[in-house]
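When a residue number appears, it is its place in the shown sequence, counting from 1.
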Amino acid sequence: MPDDIPSFTGAALVLRPKIEHALLKACEFPGDDGKTIVAEALQYSLLLPGKRLRPLLVLLACQACGQKAEQATAAACALEMAHVFSLIHDDLPAMDDDDLRRGKPTNHKIYGEGQAILAGDGLLALAFQILAGIESPLIANRCCSSLASAIGVCGVIGGQSDDLKGLDKQADIAMLNRIHERKTAALLLCSSEIGGLIAEASEEQLLALRSYGRHLGLAFQITDDLLDSIGEEGKTGKRVRKDAAKGTKTYPAILGVEKSEKAAEDAVSRALAALAVFGASAGPLRGLAQYVLVRDR
Ligand code: GRG
């Protein structure tokens with residue numbers, strides 16, 4: 001397999017600062033004079049240093065379809081906002097009850113539960129507002145619809161609901177895949193699809209991007225489980241060994257570490273195969289899939 005990781009890291013080096021700048025601008029709320037606590041609370045979580053994987057995916061998918069990555073910057077911010085909504089809510093005491101995220105105290109530890117709930121809600125509203133503002137009404141409509149299904153009952157929220165119900169504690173691999181297809185992969189699928197939509201990709205390209213995002217999402221979740229099982233808190237910026245302590249079923253808990261690594265590699269191979277319809281313009285997307293296997297945070 002050719003090593004495309006440098007192509008991804010090179011692109012990420014250029015694009016991450018642009019994403020950071022756009023995120024900062026997108027959550028300024030001039031009409032609010034920056035006075036409400038909820039604006040400060042959502043800025044806190046949004047602007048902490050995340051990997052910015054979903055916005056990068058939007059930009060690189062747009063580039064793979066032959067357009068300038070920067071063309072999709074606003075939509076990329078929307079995807080990061082939807083992601084951070086899910087992180088803030090996931091960390092709440094009623095959900096995963098976490099005190100550390102991106103190396104800092106979780107939102108509710110600083111602002112209290114009520115404000116943290118509102119900060120998540122505010123981010124999701126802003127994400128849809130940004131997508132609705134895309135110049136072409138047809139593309140705006142398809143992007144809003146894509147994000148709504150990725151976040152909704154058949155996506156992240158449904159996956160989280162099954163997780164909360166404890167389904168993952170008795171899960172076999174098929175059930176675990178089903179939870180993570182929604183909880184993790186749905187938003188990565190949506191990110192690559194939205195990048196393609198902004199670039200006015202063909203239906204064949206959109207299909208390829210959806211398949212890529214879905215397999216990438218599963219690979220990403222398996223490595224997330226591996227990082228929880230064998231990674232270091234100092235590097236991941238979140239608590240580790242939580243899954244085993246809570247009895248949550250994970251890929252390494254069911255398959256063992258070696259077979260989980262193999263499952264992640266297989267998912268990456270499927271993600272790469274989906275990109276066969278693209279030429280050199282998808283090099284950074286290929287590199288991103290390979291990077292997921294070696295990431296340490
Ligand atoms: C509360 C509706 C709702 C959903 C919560 C985000 C989530 C769903 C759960 C968090 C736990 C988890 C394992 C989610 C899977 C997705 C995932 C690995 C999120 C972390 O994404 P990263 O590693 O985080 O990209 P950064 O901070 O780098 O953006």
Can Leu126 be reached from Leu46 by stepping across I, L, V, M, F, W or Y side chains whose heavy atoms are under 4.5 Å apart?
yes

Between Asp3 and Arg286, is there a side-chain N and carboxylate O pair less than 4.0 Å apart?
no

Counting N and O atoms only, with roles assigned by atom type, does the side chain of Arg54 sit under 3.5 Å from a partner on the main chain of Cys77, one being a donor and the other an acceptor?
no

Arg102 NZ/CZ over Tyr44 ring centroid, <6.0 Å and within 45° of normal
no

With side chain to side chain contact (heavy atoms under 4.5 Å, CB included) as the test, pick out the partner of Cys190 among Val58, Leu197, Leu57, Leu147.
Leu147

Can you tell me how far the CG atom of Leu218 sits from the CG atom of Asp224, to the nearest 0.5 Å?
12.5 Å

Tell me the closest heavy-atom pair linking Ile198 and Cys143, and the distance in Å.
CD1-SG, 4.2 Å

Do Ile117 and Asp121 make a side-chain contact, defined as non-hydrogen atoms from C-beta onward lying under 4.5 Å apart?
yes

Do Ile130 and Leu56 sit in one hydrophobic cluster, given that two such residues count as connected whenever their side-chain heavy atoms are within less than 4.5 Å of each other, even indirectly?
yes

Same cluster or not: Val257 versus Leu176, using hydrophobic residues (I, L, V, M, F, W, Y) connected whenever any side-chain heavy atoms lie under 4.5 Å apart?
yes

Lys109/Asp99 salt bridge by N-O under 4.0 Å criterion
no

Does Asp91 form a side chain to side chain contact (heavy atoms under 4.5 Å, CB included) with Asn107? I'd like the steps, not just the answer.
CA-CA 8 Å; Asp91 290 333; Asn107 198 290; over 6 Å; no

Can you name the residues that form a ring-ring contact (aromatic ring centres under 6.0 Å, His included) with Phe85, not counting sequence neighbours?
His89

Can you find a pair of side-chain heavy atoms, one from Leu216 and one from Val268, that are under 4.5 Å apart?
no

Has the side chain of Thr223 got a donor or acceptor atom that lies under 3.5 Å from a matching backbone atom of Phe220?
yes

Decide yes or no on side chain to side chain contact (heavy atoms under 4.5 Å, CB included) for Leu187 and His83, but give the supporting numbers first.
CA-CA 8 Å; Leu187 209 51; His83 167 57; 3.9 Å; yes

Could you state whether Leu23 and Leu15 fall into the same hydrophobic cluster, counting links through intermediate Ile, Leu, Val, Met, Phe, Trp or Tyr residues with side-chain heavy atoms under 4.5 angstrom apart?
yes

Starting at OG of Ser136, measure out to CG of Asn141 and round the result to the nearest 0.5 Å.
9.0 Å

Please report the closest heavy-atom contact between Pro284 and Leu60, naming both atoms and the distance.
CB-CD2, 3.7 Å

Charged N to carboxylate O under 4.0 angstrom, Glu203 versus Arg142?
yes

Does Arg178 offer a backbone N or O that forms a donor-acceptor pair with the side chain of Arg182 under 3.5 Å?
yes

Linking I/L/V/M/F/W/Y whenever any side-chain heavy atoms sit under 4.5 Å apart, do Leu48 and Leu124 land together?
no

Residues Asp98, Thr106; criterion side-chain hydrogen bond (donor to acceptor under 3.5 Å, both in side chains); working and verdict
CA-CA 7 Å; Asp98 245 311; Thr106 46; over 6 Å; no

Closest heavy-atom pair and its distance - Gly217, Thr184
O-CG2, 3.8 Å

Nearest-0.5 Å distance that lies between atom CG in Asp266 and atom NZ in Lys259:
12.5 Å

Taking Thr36 for the side chain and Asp32 for the main chain, is one N or O donor matched with an acceptor at less than 3.5 Å?
no

CE/Met81 to CZ/Phe128 distance, rounded to the nearest 0.5 angstrom?
12.5 Å

Side-chain donor or acceptor of Ser192 paired with backbone N/O of Leu209 under 3.5 Å:
yes

Examine distances only and state if a side-chain atom of Asp225 and a backbone atom of Tyr251 form a donor-acceptor pair shorter than 3.5 Å.
yes

Short N-O contact, Asp90 and Arg101, less than 4.0 angstrom
yes

Heavy-atom donor-acceptor pair, Glu40 side chain to Ile37 backbone, under 3.5 Å
no

Working for side chain to side chain contact (heavy atoms under 4.5 Å, CB included), residues Asp163 and Gln160
CA-CA 5 Å; Asp163 194 348; Gln160 180 77 351; 4.2 Å; yes

Hey, could you give me the CD1/CD distance between Ile139 and Glu200, rounded to the nearest 0.5 Å?
4.0 Å

Closest heavy-atom pair, Leu131 versus Ala140, reported as atoms and distance to 0.1 Å, is O-CB, 3.4 Å

I'd like to check Cys27 versus Leu42 (side-chain heavy atoms, cut-off strictly below 4.5 Å). Are they in contact?
yes

Donor-acceptor pair, distance only, cut-off 3.5 Å: does the side chain of Gln290 make one with the backbone of Asp4?
yes

cation_pi(Arg270, Tyr212) dist<6.0 Å, angle<=45:
no

Within this structure, what is the SG-CD distance for the pair Cys62 and Gln67, rounded to the nearest 0.5 Å?
6.0 Å

Is there side-chain contact between Ser281 and Gln63, with at least one heavy-atom pair below 4.5 Å?
no

Does any N or O in the side chain of Ser260 come within less than 3.5 Å of the main-chain N or O of Leu255, such that one atom is a donor and the other an acceptor?
no

Keeping the roles fixed (side chain from Thr9, backbone from Pro6), state whether a donor-acceptor pair exists under 3.5 Å.
yes

Going through the distances and angles, do Leu227 and Arg295 end up as a side chain to side chain contact (heavy atoms under 4.5 Å, CB included)?
CA-CA 9 Å; Leu227 286 172; Arg295 73 191 181 100; 3.8 Å; yes

Min side-chain heavy-atom separation Ile194-Leu79 under 4.5 Å:
yes

Shortest non-hydrogen separation from Ala78 to Ala127 and the atoms involved
O-CB, 3.4 Å

Considering non-hydrogen atoms only, spot the tightest contact between Ala41 and Ala119 and give its length.
CB-CB, 3.9 Å

Any Lys/Arg nitrogen of Arg52 or Glu20 sitting under 4.0 Å from an Asp/Glu carboxylate oxygen of the other?
yes

